[in-house]
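First the structure, in the form of structure tokens, and then the observations on it.
All values below come from the heavy atoms of this structure, side chains included, with hydrogens, waters and symmetry mates left out.
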Amino acid sequence: MGYREQDSRIVKLRKEGNTIWSYSKLGAFHNCKFAYKLGYIDKIKGDDNIYSLLGSLAHDILEEAYNTKSYDCVKAEEKFVSELDSII
């Protein structure tokens, strides 16, 4: 994944000792507090599922498209289908 500069307001809040909640963290806490505890407090990584695998694949393809000046959409689709075939 590429580097993303942090918002100076967030950096300031962290330095002041505030906890910053990401959308993913909030969603995990809202959906299942026990799963939140396992993942964010106990640091136990769960097994991948179809949603995490496809989400990671889509993210990688989009990131590559964003970072490449002359990106080929046909090759992106072929890569997605190929990876999907290997998952299923």
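Judged as a ring pair (Phe, Tyr, Trp, His ring centres under 6.0 Å), and not counting sequence neighbours, the contacts of Y40 are Y36.
Atom CG of D7 sits about 12.0 Å away from atom NZ of K12, to the nearest 0.5 Å.
Residues L62 and Y51 do not share a hydrophobic cluster, defined by chaining ILVMFWY side chains whose heavy atoms lie under 4.5 Å apart. With hydrophobic clusters built from ILVMFWY side chains whose heavy atoms lie under 4.5 angstrom apart, I50 shares a cluster with F80. Each of Y23 and I10 belongs to its own hydrophobic cluster when Ile, Leu, Val, Met, Phe, Trp and Tyr are linked at side-chain heavy-atom distances under 4.5 angstrom. In the hydrophobic clustering of this structure, I61 does not group with V81; members are Ile, Leu, Val, Met, Phe, Trp, Tyr whose side-chain heavy atoms approach within less than 4.5 Å, directly or through other members.
Heavy atoms only, all atoms of each residue included: I20 and K25 are closest at O-NZ, 4.2 Å. In terms of heavy atoms, L57 sits closest to L84 at CD2-N, 4.3 Å.
For S56 (side chain) and L53 (main-chain N/O), no donor-acceptor pair under 3.5 Å exists by modelled atom type. A side-chain donor-acceptor contact under 3.5 Å links T68 to the backbone of E64.
Look at K79 and E83 and you find no salt bridge, because none of the NZ, NE, NH1 or NH2 atoms lies under 4.0 Å from a carboxylate O.
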